[in-house]
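Residue numbers start from 1 in every chain, and the chains themselves are labelled A, B, ... in the order their sequence lines are given, proteins ahead of strands.
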Amino acid sequence: MTRYDPATIEAKWQKAWDDAGLFRAERDPSRPKYYVLEMFPYPSGRIHIGHVRNYTMGDVVARYKRSTGHNVLHPMGFDAFGMPAENAAMANGGHPKDWTYQNIDTMVGQMKPLGLSLDWSRMFATCDPEYYGQQQALFLDFLDKGLVYRKNAVVNWDPVDMTVLANEQVENGRGWRSGAVVERRELTQWFFRISDMADELLEALDGLDDWPAKVKTMQANWIGKSRGLQFSFGVVDAAHGHDRIEVYTTRPDTLMGASFVGISPDHPLAKELERHDPEVAAFCEKARQGGTTEEAIETAEKLGYDTGIRVRHPFDTSWELPVYIANFILMDYGTGAIFGCPAHDQRDFEFATKYDLPIIPTFEPLEGACPEGEAFVPMKSEKVRWIRGFGWDEEASGQDAVNAAIAFCEANGVGQGVTKFRLRDWGLSRQRFWGAPIPVVHCDSCGVVPEKKENLPVELPYDVSFDQPGNPLDRHPTWRNVSCPACGGPALRETDTMDTFVDSSWYFARFTAPEADTPTVAEDVDYWMNVDQYIGGIEHAILHLLYSRFFARAMHLCGHLPAKSKEPFDALFTQGMVTHAIFQTKDANGRPVYHYPEDVDLRDGRGFLKDGTEVEIVPSAKMSKSKNNVVDPVAIIGQYGADTARWFVLSDSPPERDVEWTAAGAEAAHKHLARVWRIAAEVAEASGEATVQGADEQLLREMHKAIRDVTLGVESFGFNAAIAKLYAFTNTLSKSQAGARAKREAAMVLAQLMSPMTPHLAEDVWAMLGGEGLITEARWPEADEAMMVEDSVTLPIQVNGKRRGEITVPKDMDQAEVEKAALAVDNVQRALDGAQPRKVIVVPGRIVNVVV
RNA sequence: GCCCGCGUGGUGGAAUGGUAGACACAGGGGACUUAAAAUCCCUAGGCCUUGUGCCGUGCCGGUUCGAGUCCGGCCGCGGGUACCA
């Protein structure tokens, strides 16, 4: 008998699958289709263990579905545009294209040995002109349908490098290269009208039964539908041509507690004042400092500037409120102006305290008084006592009061109730090179003119350099100067490229016909769509998935997807990250130095470098190149084989949770696979009958239970639970006294149950035991209920909820008998200590609880 | 700041509101071996008065015959926060 030798068998079976062309997907209306997709990777240069986990989960689903008779589509591609390629070009020279395609080559070379059941013939990268040309065609169709427009929006501006920065490139409000204080600057940009679909995107979440509830909640909160009051304050003396300030509030019930009006630094009135008043201009400049992220704006110090302008309260014209310009008010949301009620909003409270503004409560708790030193902000559903309401019950919840306030205001001619969404339109313009060019030209006489479809793709030029900041397209001598598609006169090509989220918003549809000369092909999307199971990281819960949902609708409007694909992902699973400890020491300046895991010796939970220096261990950190804690799966595969890597990433941790990579875990996984192989080899050579009465039946009963539990585990993404069951069943088989025939049957089923996770080992075991054909093509086994019946059951007995004993009774014993048997147990009597049971709860087949 | 998660032995984790710690790692003990590796078997939450005893699922409180699980409030960690992908 030889030994388990993954290097040999993995190559052998991968060749067998290839030769049989098993994973090439072809339309076949006679069979049910199944489309399983993992979020495609960014070609960073090397796969990491998180990729292995993600793709292995998808592969388990794909292989399982194949074994239940489905025609499976399981494709792979690369999300290949984006900043890292440009950063590499800036740092090391070269072209982003070369860097990207080299990385893709490397990563495909690293992925192939994993034995994933992928249809590699469908592979593409989003930076292929054949892909982004079709994306440009989609853009033109969207433009035609009025789904795209231009408007001004703020970006991070680096005043030293004279360039736009990504949020990631802003560190503590400064540009990452120049170190200059970043400012928010307006630029004309392209937008998709996603906000027109806000209500539909919200409503349709209800139909996504196989999406995680948390993702739907996050999307619903992001879309942020709110009912509120829009009204205006009259300006005293109609300063600067503005006689009214329009505000939007979701808490009109607190209007009688208003103490100031705040406007955004980008509000038209603020801009008007800025032009005439250097002091206001200086304030606005300061207020615009820092990055554009919501986080930066919300956590920045709250700054206000009293404009001196006063407005009148709508219900008391003698009551005047000051108008402040405030850095925390966004022009993008509502009207860019608010009123502040410090008594019932913590942010307003802090602002009012800082600028010495009155704090006027409109309601109090039903018992006690408002808290000192902070705003009183109860849940909207909680009832409170109103002291400055206008006309509803003295005791009412915030929610009821909001509705009553809107009705009252409308009846009195103060504004109207409106529904607003937090969701903003999707800005797709990027002032960068490495993205899909936006296919329009700017003509002096015709304005913005779409490129003709026959001229697509508008391809990125190769002769560019990255030796200065900014977009090389802006300074390209010939690429930019074109003739107008409409009038033939001189024109300039648009140099903005598309957000990479556009690339990933339709790749799943393109996989159904990756080489077509239209974005999609009707027969292919009709057959293959929707994605039956989509798998990816929780970090994409909002943006990528929401944009894809929008894109699917937009593509449907343009005839590129059927109506059923408006929601393109039938089921979604979000998996956790793979983490690894960080090993760090400090350099002379106190800055952290990160060490590779292979350079650290672990002893008793402490880590030491070769020279004996102790390192600080930061547990469970997200793997990151810059922290040197990335585990390279290629080394693991080389050492133990792909099946070990696959088995390990699935075992131990529930798929939706983060998993800590440990070298010991991989070693253990390998030992187990070697053991399965050895047991199978023994079974293959065994002969004879059972040595113990009933051993065959017992083994087969356990086998059917394993089929049931593993099938359930695979179907419900309980891969770790399925693997625990497989460990247990392996132990059962190993110790079984059953005869050769029963053992052989059990071992073959074990191989089948393992085949989605460790397909090479499974093939080898299958062949060793004389299985017919490839296990990859074998039908999934079915659990036989009749084989699993047990005739007695063990029930724990509790007294007042504490376990005091157990009884084993026939399965169908009636409750009164069970109760009697339970009370007869010695230890139960001792626990009762003479007391009379008040009640005995018998949960059939589960538990008995005696209540005293 | 705001939204969404997560928190169970030395470690990863299991547990439709029903025996907390399945399965595995590391540890301890043993078998086999000249020895080692490999393999196999046993053991294993904490505490003590060793009783089928007490405590125990981040902390505090609640609902329930019964809570790791449901509810409320804290603490800690992670993801997202619209130009990282």
S653(A) side-chain N/O to G13(B) phosphate OP1/OP2 under 4.0 Å: yes
Charged tip of R3(A) within 45° of W677(A) ring normal and under 6.0 Å: no
Spacing of D348(A) atom CG and F328(A) atom CZ [to the nearest 0.5 Å]: 6.0 Å
Residues Y131(A) and W506(A): side-chain donor-acceptor under 3.5 angstrom: yes
P-based separation of G68(B) from G58(B) [nearest Å]: 10 Å
G-U wobble or Watson-Crick pairing nucleotide for G17(B) (cut-off 3.5 Å, both distances): none
Under-4.0 Å side-chain N/O to phosphate OP1/OP2 contact, K671(A) with A37(B): no
N221(A) side-chain N/O to U81(B) phosphate OP1/OP2 under 4.0 Å: no
Residue-phosphate contact under 4.0 Å: R657(A) side-chain N/O, C6(B) OP1/OP2: no
C25(B) pairs with, by Watson-Crick or G-U criteria that keep both distances under 3.5 Å: G10(B)
Any strand: nucleotide that pairs with C2(B) via Watson-Crick or wobble, under 3.5 Å: G80(B)
Polar pair under 3.5 Å, donor/acceptor by atom type, side chain R804(A), base U19(B): no
Upstream residue (5' side of RNA chain B) when P654(A) and F40(A) are each assigned their closest nucleotide: P654(A)
Partner nucleotide, any strand, of U34(B) [Watson-Crick/G-U, under 3.5 Å]: none
Per E806(A) side chain, nearest of listed nucleotides U19(B), U81(B), C65(B): U19(B)
Residue-phosphate contact under 4.0 Å: R830(A) side-chain N/O, U52(B) OP1/OP2: yes
Quiz item: N849(A) side-chain donor-acceptor pair to C65(B) base, under 3.5 Å: yes
Residue-phosphate contact under 4.0 Å: R803(A) side-chain N/O, U52(B) OP1/OP2: no
Base-pairing assignment for G68(B) (Watson-Crick or G-U wobble, both under 3.5 Å): none
Candidate nucleotides A14(B), C40(B), A82(B), ranked by approach to the side chain of R678(A) - the nearest: C40(B)
Phosphate contact (A24(B) OP1 or OP2) by S651(A) side-chain N/O below 4.0 Å: no
Q431(A) (side chain) and C83(B) (base): donor-acceptor pair under 3.5 Å: yes
Anti or syn - G9(B), cut at 90° from 0: syn
First of S734(A) and T217(A) reached from the 5' end of RNA chain B, by closest nucleotide: T217(A)
Donor/acceptor link under 3.5 angstrom from E294(A) side chain onto base of G1(B): yes
Parallel, tilted or perpendicular: ring planes of Y507(A) versus Y534(A), cut at 30 and 60 degrees: tilted
